[in-house]
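Just the heavy atoms: all of them, side chains too, but no hydrogens, waters or symmetry mates, feed the values below.
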Amino acid sequence: MATGSLSSVPKRLRMVEDFSCTRCLEQNLTESADIYCEKCLRFYCKKCVILHSQFFTKHMTCGREDIKKWPVSKAVEDFLRKCEVHEDETLTQFCHDHSQLCCSACVGTIHSQCSRVTQISELTNTQPSGLEGLSVELETVLGEIKNLQVSQEASVKSLQGTYKEHGALMIEQMRGNLNTNIDECGNSSVGTSGKSEQYLKEEMCRSVLSIVNEFDNITAKELNKMKDEVISIKGSVTSSIHKCISLHNDLSQFHEIVQKIGDHKQLCLIASIKCKHIIQQALTLLGKSGKALNVQSITKHNVRILFDSDECWITGICVLTDGQVLIADWQNERFKLLNQQYKVVSHWDVNARPVDICLITPSEVAVAVDTFNKHEVQFITVNQGKLVPGRKFQLQHRCTGIAHHYGDLFVTSGKELYKYTLNGKQLCRLYQDRSADWTVDKCAVSPTGDRLYITSWPQNKLLTLARDGTLLATYTDPALDGPSGLHVTPAGQVLVCGYMPYTVLQVGWEGESKLATLATQDEVWNPQSVCYCSTTSSIIVGQFWDDNILVFRVE
């Protein structure tokens, strides 16, 4: 059975449409039923129930306020039993290998090689078919999906505001340059002869023209680049909003259905299985996947190039949407672009220590560089296999890590976590721990932006924060001594590297418990960075003093 969205159903089931008056249907009329007679086993509208009451005064009836006592409507039953892969077929079996409901056509094709397929009728005797708690779970997830949609809509407005603000700032800077130039020329003209004054006027005009041209050639280009960023991010947010709406409709539909099924064992079982698939999709969208990753294979890929003077030290990794990989080589002070086969195809030198990378759009990243006299964020575009540097902004503090979510940049200083806009405006300080150096080292953000993760190197901790910086959870582990690399997958799975012993762990999205040990010192040596690639379902690990990156194929 396909586990995709159920929104392809032509018409969403509604309570008022599910039950029609039996007597009216016999006269080729369609009227919504308001009463069900348990004796007659028939439905009646407000008009027909008057006649029924006159003839059958002792019959027990129940209205819509007791709709749980009504039998399951044919529309609901047909909807639940219909196979989503073969729409003309009815669900009759369950594949244990794939945990999927299937029809006879599915069994003959998709599940022909599966080891265990059971009739649904047999499952009702061995599997719990009640819907206790499912309605509450649906309500909870419905609320979270709605909150996510509201948050994403707010992100779109914020993005548009950032672009307008940046444009206004650029224009204000140009005005400032013009006024400064005019003032300087004005001061120079005091006490000069007519000929000299004419020369100064001409010089001022040339300077003004130069400033305007510079604005046209550089600033306008920068504004257009940011406009493209906003459009790209807005498109990503809009796509996510559409997924929210679709899932919200599916969840709402099942929430209604659960209220109507009653004690029908087979339908309860089918609804429960279908609901779990939909809820799992919702949890993945919410970045709350509880699935533990399982390593299938490990490969090494050399990333050293002829220009490198030392062994590589990979402090940051970022995967583009097309599968290309960008890495930060701290020791050789350069960023390297790898193709889908993990071969270096381009590089860009920064003459400073590159510490981290995060994705901004499908083809653009923000990189953080940090040295004793330079702390800045630089934007790089990947264009036809080449790294093209763009705008940058300076920081008034050190930079040890960087993450991005829908127009918000999160930057760590080693002791603080800050939030910035894409144009470099510092919005607030979200968290600080000044008890030692590197207490706020690397950072990552959940897919929905409602949770932030930071590593505390000297305290051997992984901290989980709320959107406003409130501490939600603290995770410690003997295998997480000196945590370094940190990453969150699109499904919300938290990946973190440990220094002693060398390890790569998967922590639950709540930041409270370990789900899996993905690598130990038998596989990795001093892991410094980690990133997940959705294109290949792989985890990429960068190491200290090692020319190789490791690629873990997972499922």
Side-chain angles (χ1 to χ4, degrees), residues 155 158-170 173 214-215 217-237 315-322 324-330 333-338 346-371 374-413 418-427 443-445 529 531:
S155 295
S158 177
L159 274 169
Q160 293 169 334
T162 298
Y163 171 70
K164 290 179 181 179
E165 183 182 79
H166 191 60
L169 178 64
M170 295 295 98
Q173 287 178 350
E214 183 180 5
F215 179 84
N217 295 332
I218 299 176
T219 310
K221 182 179 178 181
E222 183 177 314
L223 283 173
N224 286 333
K225 184 61 181 176
M226 175 166 272
K227 182 179 180 180
D228 291 341
E229 285 175 8
V230 171
I231 291 172
S232 178
I233 297 171
K234 184 179 177 181
S236 177
V237 180
T315 53
I317 302 176
C318 180
V319 178
L320 305 180
T321 53
D322 63 0
Q324 293 185 93
V325 180
L326 196 61
I327 61 175
D329 187 344
W330 188 90
E333 297 188 348
R334 58 174 47 107
F335 291 95
K336 300 174 182 177
L337 179 66
L338 316 181
S346 181
H347 69 273
W348 178 61
D349 297 347
V350 288
N351 298 319
R353 298 298 191 184
V355 293
D356 210 353
I357 317 171
C358 65
L359 192 67
I360 303 296
T361 72
S363 59
E364 184 186 38
V365 299
V367 300
V369 298
D370 191 85
T371 188
K374 180 185 287 188
H375 320 294
E376 68 181 26
V377 173
Q378 169 84 59
F379 292 82
I380 302 176
T381 300
V382 179
N383 186 7
Q384 296 181 346
K386 300 293 182 181
L387 297 179
V388 182
R391 73 182 187 282
K392 59 185 177 182
F393 61 83
Q394 304 297 318
L395 301 172
Q396 300 304 311
H397 54 77
R398 295 203 62 183
C399 180
T400 60
I402 189 169
H404 169 255
H405 183 267
Y406 291 159
D408 290 329
L409 279 176
F410 301 95
V411 182
T412 51
S413 69
Y418 295 96
K419 183 165 77 169
Y420 284 83
T421 63
L422 286 176
N423 63 355
K425 178 182 178 182
Q426 187 183 116
L427 296 176
C443 64
V445 58
S529 53
C531 190

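- In this structure the side chain of Ile317 never reaches within 4.5 angstrom of the side chain of Ile357, judged on heavy atoms.
- Scored by the side-chain hydrogen bond (donor to acceptor under 3.5 Å, both in side chains) test, Gln394 finds Glu376 as partners (sequence neighbours excluded).
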Distance-only check: which donor-acceptor pairs under 3.5 Å involve side-chain atoms of residues 358-369, not counting sequence neighbours?
residue: Thr361; atom: OG1; partner: Ser363; partner atom: N; Å: 3.4
residue: Thr361; atom: OG1; partner: Glu364; partner atom: N; Å: 3.2

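- Taking His347 as the reference, Phe307 meet the ring pair (Phe, Tyr, Trp, His ring centres under 6.0 Å) condition, with sequence neighbours excluded.
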Could you go through Asn423 and Glu229, starting from their C-alpha distance and side-chain angles, then the distance that decides it, and tell me whether this counts as side chain to side chain contact (heavy atoms under 4.5 Å, CB included)?
CA-CA 11 Å; Asn423 63 355; Glu229 285 175 8; over 6 Å; no

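- Heavy atoms only, all atoms of each residue included: Cys443 and Gly401 are closest at SG-C, 3.9 Å.
- Atoms CD1 and NZ, on Ile380 and Lys386 in that order, are 14.5 Å from each other to the nearest 0.5 Å.
- Taking the salt bridge (Lys or Arg N to Asp or Glu O under 4.0 Å) definition, one finds that Arg398 meets it with Asp370, sequence neighbours left out.
- Not a single salt bridge (Lys or Arg N to Asp or Glu O under 4.0 Å) links Lys374 to another residue, sequence neighbours left out.
- Put simply, CZ on Phe393 and CD on Gln378 are 10.5 Å apart, with the number rounded to the nearest 0.5 Å.
- In this structure, SG on Cys399 lies 7.5 Å from CG on Asp356, to the nearest 0.5 angstrom.
- Between Phe335 and Trp348, the ring-plane angle classifies as parallel under the 30° and 60° cut-offs.
- To the nearest 0.5 Å, atom OH of residue Tyr406 and atom CG of residue Leu422 are 13.5 Å apart.
- Residues satisfying the side-chain hydrogen bond (donor to acceptor under 3.5 Å, both in side chains) criterion with Thr381, sequence neighbours excluded, are Lys225.
- Under the side-chain contact (heavy atoms from CB on, under 4.5 Å) criterion, Leu427 pairs with Asp408, Lys419, Thr421, Lys425, sequence neighbours left out.
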After noting the C-alpha distance and the side-chain angles of Val411 and Gln426, does the key distance pass the side chain to side chain contact (heavy atoms under 4.5 Å, CB included) rule?
CA-CA 10 Å; Val411 182; Gln426 187 183 116; over 6 Å; no

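- Looking at residues two or more places apart in sequence or on another chain, you find a salt bridge (Lys or Arg N to Asp or Glu O under 4.0 Å) between Asp349 and Arg334.
- In terms of the side-chain hydrogen bond (donor to acceptor under 3.5 Å, both in side chains) criterion, residue partners of Thr400 (sequence neighbours excluded) are, by chain and number, Thr412.
- For the atom pair Leu326 CG and Leu320 CG, the distance stands at 6.5 Å (nearest 0.5 Å).
- Judged as a ring pair (Phe, Tyr, Trp, His ring centres under 6.0 Å), and not counting sequence neighbours, the contacts of Tyr418 are His397.
- Between Leu387 and Val382, the closest side-chain pair of non-hydrogen atoms falls below 4.5 Å.
- The two residues Arg353 and Thr371 have their closest heavy-atom pair at N-CB, 4.5 Å.
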Give the C-alpha distance, both sets of side-chain angles, the deciding distance and a yes or no for side chain to side chain contact (heavy atoms under 4.5 Å, CB included) between Val377 and Tyr420.
CA-CA 11 Å; Val377 173; Tyr420 284 83; over 6 Å; no

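- Here the shortest heavy-atom pairing between Ala328 and Pro354 reads CB-CB, 4.0 Å.
- For the side-chain hydrogen bond (donor to acceptor under 3.5 Å, both in side chains) test, residues two or more places apart in sequence or in another chain that qualify with Gln324 are Asp322.
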